[in-house]
Amino acid sequence: MVAHRGRLWSGVAAAALLALGSVTGCTTSTRDDAGPTANACAVADDAAALTGTPSGAPDPQRTSAPRDLSLNPEIASGYRSGMTPVSTSSYAVSTANPIATEAACAVLREGGTAADALVTAQLVLGLVEPQASGIGGGAFLLYYDAASGAVEAYDGRETAPAAATENSLRWISDTDRTPPQPDARASGRSIGVPGVLRMLELAHREHGKTEWRELFDPAIALADRGFAISPRLAGQIAESAAELALDENARAYFLQPDSTPKPAGTVLTNPALAKTMSTLATDGADAFYTGVVAENIVAAAGSTTGGRTPSLLSTADLAGYEPVKRTTLCDGYRAYEVCGMPAPSSGGSTVAATLGILENFDLAALAPQQTDLDGGTPRAEAVHLIAEAERLAYADRNKYVADPEFVALPGGSPQAMIAPDYLRERSALIDPGRSMGEARPGDLGPIPLGLGPQPPEHGTSHISVVDRHGNAAAMTTTIESAFGSFHMVDGFLLNNQLTDFAAEPAAPDGTPVANRLEPGKRPRSSMAPTLVFDRAADGERGALAYVTGSPGGAVIIQFVVKTLIGMLDWGLDPQQAVSAVSFGAGNSPVTGVGGEHPAIDTTDDGAHDPLVRRLRELGHQVSVAPQTSGLSVLRRDGDEGWTGGADPRREGVVLGDTR
């Protein structure tokens with residue numbers, strides 16, 4: 001692949017122009033095995049700017065209350081109405097940003113694998129969407145290897161430092177019981193050992209084709225040459241300006257000399273990150289986890305500038321980090337097999353449990369009304385059933401799911417939580433005429449675990465990709481909150497992933513909670529990268545059918561569920577399914593209905609919207625705040641290729657060798 005090195009550089013330079021307002025695409029490949037590429041990686045009209053409330057602008061209907069991070073972990077940035085699906089012949093990719101998508105598509109166009117494209121996509125996303133993910137964070141990956149038929153789960157979740165205690169996020173020390181400053185999230189105490197780079201290196205070693213160093217070229221070129229701040233990034237900078245100002249490197253990069261936020265259209269260059277990535281391209285992930293970069297990470301995490309409480313992270317923590325390959329969690333749903341991530345992510349088990357409960361209801365009879373390009377209007381009866389099923393599934397998730405190396409699941413595996421008979425019993429708790437408000441966890445035996453306050457999860461990003469060889473990947477990646485811990489080093493931001501641990505280590509009665517902070521432990525996640533397969537009459541796994549996932553913190557599970565039901569029960573195409581009204585519930589009385597969607601009337605807090613009114617009659621406390629999903633779906637179309645959809649609520653697109 002070295003002979004084609006210049007082509008990846010030129011492609012990403014074109015993508016940088018896209019961020020400045022031009023619409024462009026990749027050049028045509030000269031590879032003998034590349035196939036037709038006349039339309040390869042060309043950006044469609046759906047890459048146009050978001051409509052609705054501009055990024056970062058306050059919504060006049062909702063300025064009276066602060067944004068609820070548990071329901072809306074990132075800023076809303078409008079809605080692109082009328083998006084249409086993209087069909088490709090042999091490969092496709094979707095990320096949350098068109099520049100990253102174009103760079104990953106160029107890798108696929110040149111014959112690279114899904115694993116290759118993931119590396120390039122993540123590196124570019126860390127540059128152009130730094131508020132959501134980057135090499136200072138972690139990720140979960142599902143990978144389908146077409147040659148073997150295997151579905152592999154890669155855990156690149158961050159780990160707590162060896163010096164951490166269950167109270168490290170509550171107070172500075174056992175003798176100084178004042179909270180970390182300026183708060184747990186923005187202090188060094190929130191920073192876990194980053195895992196995404198080690199995980200990607202492992203996946204690339206096992207499934208890659210393109211040389212590792214070449215996959216860094218697009219991001220290095222873009223960091224050197226610069227890219228324009230997108231409207232969404234600009235809005236997030238504006239919201240986080242005060243916190244970014246506490247860190248010298250973050251302040252210089254994201255803010256102007258007078259500490260005001262840099263606006264959309266400002267061209268950012270990142271020579272520090274270009275230098276870091278050049279080192280990693282040559283020396284591999286070892287250069288991140290040992291040596292100068294590791295020492296710089298520990299120093300930055302331990303900084304006390306601005307009165308920040310330092311981290312407990314050490315170079316030994318970094319040097320000892322290892323990704324984990326886990327057993328993929330696959331379960332049947334109607335005519336399909338749905339595969340997701342196992343613990344420490346709760347995404348796979350909670351999606352599976354929700355679907356298993358809903359399999360006891362005829363959802364096909366409750367399809368949306370007035371179905372259009374934006375997915376139509378959901379029926380109140382369907383939203384009610386789905387939200388109630390989610391409450392029941394979240395109740396079990398909240399009590400039982402944590403890092404399995406520290407806390408065993410009931411019965412030693414997730415099967416007890418998704419067993420058909422158990423979920424049939426849970427489904428009987430749903431009253432068609434009244435919301436339960438809050439569900440109790442199911443009885444899965446005498447397990448000494450308590451329930452405490454649930455931590456709010458925050459921002460993420462997602463990548464869906466299929467290559468011409470038949471391989472596929474779904475990867476959800478994060479630095480946790482927007483801009484992570486606000487600690488910036490060597491051009492990238494460090495995560496605040498440890499705030500995904502439970503805020504209190506024990507329940508009020510003193511019983512330890514599963515997701516308490518412990519040294520070396522991985523915090524529970526809601527990330528739900530998902531692969532869906534056809535299922536043969538004998539129950540055996542068939543062909544890959546769908547690749548999907550979303551960012552969105554703890555709400556990811558709800559985004560993925562509504563999208564799967566939209567396609568598998570209601571027959572929506574991928575674009576309709578991701579564009580459709582977002583709705584759902586965690587285990588609380590609040591049911592979210594995405595007010596950013598044109599089908600929802602948000603005036604007077606939804607008082608005039610028929611769906612909202614009916615849900616409130618059923619006892620739901622309905623929030624019509626804008627939803628911030630970043631869904632993507634790739635659907636196999638028999639032998640014809642793939643059809644994809646990208647979320648109209650963010651900046652993402654689907655690219656490939658379009659047909």
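Both backbone and side-chain heavy atoms feed into the values below; hydrogens, waters and symmetry mates do not.
At least one side-chain heavy atom of Leu141 sits under 4.5 Å from a side-chain heavy atom of Met199. The closest side-chain heavy-atom distance from Phe483 to Leu244 is below 4.5 Å. For the pair Ile237/Leu255, a side-chain contact is recorded, criterion being any heavy-atom separation below 4.5 Å from C-beta on. In this structure the side chain of Val93 never reaches within 4.5 angstrom of the side chain of Val654, judged on heavy atoms. Inter-residue side-chain proximity for Leu123 and Met277 is flagged as met; some heavy-atom pair is nearer than 4.5 Å. Using a 4.5 Å heavy-atom cutoff, the side chains of Gln497 and Pro523 are in contact. Contact check for Thr499 versus Arg185: side-chain heavy atoms found under the 4.5 Å cut-off. Here the side chains of Thr269 and Tyr253 are not in contact, with every heavy-atom distance at 4.5 Å or above.
A donor atom on one side chain and an acceptor atom on the other are found under 3.5 Å apart for Gln122 and Thr477. For the residue pair Ser481 and Asn496, a side-chain donor N or O sits within less than 3.5 Å of a side-chain acceptor on the partner. Side-chain contact, Asn97 with Thr95: no donor N or O sits under 3.5 Å from an acceptor N or O. Between the side chains of Thr460 and His462, not a single donor N or O lies within less than 3.5 Å of an accepting N or O.
With respect to Arg198 and Asp155, no salt bridge is recorded, no charged nitrogen being found less than 4.0 Å from a carboxylate O. Arg649 has a carboxylate O that lies under 4.0 Å from a charged side-chain N of Glu596, or vice versa, which qualifies the two as a salt bridge. Ion pairing between Asp247 and Arg308 holds under the 4.0 Å rule for side-chain N and carboxylate O. Salt bridge annotation for Lys325-Glu206: present, with a cationic side-chain nitrogen under 4.0 angstrom from a carboxylate oxygen.
Between the side chain of Asn495 and the backbone N or O of Ile191 there is no donor-acceptor pair closer than 3.5 Å. Side-chain N or O atoms of Glu102 include none that pairs as donor or acceptor with a backbone N or O of Cys41 at under 3.5 Å. At least one donor-acceptor pair closer than 3.5 Å links the side chain of Ser485 to the backbone N or O of Leu494. Listed for the Ser190 side chain is a donor-acceptor partner under 3.5 Å among the backbone atoms of Ser187. Without hydrogens or angle criteria, Thr548 side chain to Ser632 main chain gives a donor-acceptor distance under 3.5 Å. In this structure, the side chain of Ser240 engages the main chain of Gln236 through a donor-acceptor pair within 3.5 Å. Checking side-chain atoms of Arg524 against main-chain N and O of Phe501 turns up no donor-acceptor pair under 3.5 Å. No side-chain donor-acceptor contact under 3.5 Å links Thr101 to the backbone of Ile99. A donor-acceptor pair under 3.5 Å is absent between the side-chain atoms of His487 and the main chain of Ala250, judged by distance alone. Of the possible donor and acceptor atoms, one in the side chain of Asp116 sits under 3.5 Å from a partner among the backbone N and O of Thr210.
Separation of atoms NZ (Lys209) and CG (Leu215) is listed at 12.5 Å; rounding is to 0.5 Å. Atom CZ of Arg251 sits about 8.0 Å away from atom OG1 of Thr305, to the nearest 0.5 Å. A distance of 6.0 Å separates CG in Asp647 from OG in Ser550, rounded to the nearest 0.5 Å. Taking NE2 of His204 as the start and CH2 of Trp212 as the end, the distance is 7.0 Å to the nearest 0.5 Å. In this structure, CZ on Phe254 lies 14.5 Å from OG1 on Thr260, to the nearest 0.5 angstrom. Atom OG1 in Thr643 sits 9.5 Å away from atom CG in Leu634 (nearest 0.5 Å).
Between Gly652 and Arg80, the shortest heavy-atom contact is O-NH2, 2.9 Å. In terms of heavy atoms, Ala153 sits closest to Met341 at CB-SD, 3.8 Å. The two residues Ala646 and Ser94 make their nearest non-hydrogen contact at CB-OG, 3.9 Å. The two residues Val196 and Gly134 make their nearest non-hydrogen contact at CG1-O, 3.4 Å. Ala96 approaches Glu129 most closely through the heavy-atom pair CB-OE2, 3.5 Å. Nearest heavy-atom pair, Arg522 versus Thr159, reported as atom, atom and distance to 0.1 Å: CG-CG2, 3.6 Å.
Ring geometry for Phe288 against Phe492 counts as tilted: the plane angle lies between 30° and 60°, on a 0 to 90° scale. The aromatic rings of Tyr289 and Tyr321 sit parallel to each other, their planes meeting at less than 30°, with 60° as the upper class boundary.
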Legend entry - salt bridge (charged side-chain N to carboxylate O under 4.0 Å, His left out) assessment of Asp500 paired with Arg157: CA-CA 11 Å; Asp500 270 358; Arg157 187 67 158 167; 2.8 Å; yes
Inset, instruction - Might you work through the side chain to side chain contact (heavy atoms under 4.5 Å, CB included) test for Leu127 and Leu273, ending with a clear yes or no? - result: CA-CA 8 Å; Leu127 183 64; Leu273 185 56; 3.8 Å; yes
Inset, instruction - Decide yes or no on side chain to side chain contact (heavy atoms under 4.5 Å, CB included) for Leu280 and Phe216, but give the supporting numbers first. - result: CA-CA 8 Å; Leu280 301 177; Phe216 285 72; 3.7 Å; yes
Inset, instruction - Take Val633 and Thr563 through the side chain to side chain contact (heavy atoms under 4.5 Å, CB included) test and state the conclusion after the steps. - result: CA-CA 9 Å; Val633 172; Thr563 303; 3.6 Å; yes
Legend entry - Worked verdict on Val466 versus Asn471 for side chain to side chain contact (heavy atoms under 4.5 Å, CB included): CA-CA 6 Å; Val466 292; Asn471 309 305; over 6 Å; no
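The number of heavy-atom neighbours closer than 6.0 Å to CD of Glu248, taken from other residues, nucleotides and ligands shown, is 12 or below.
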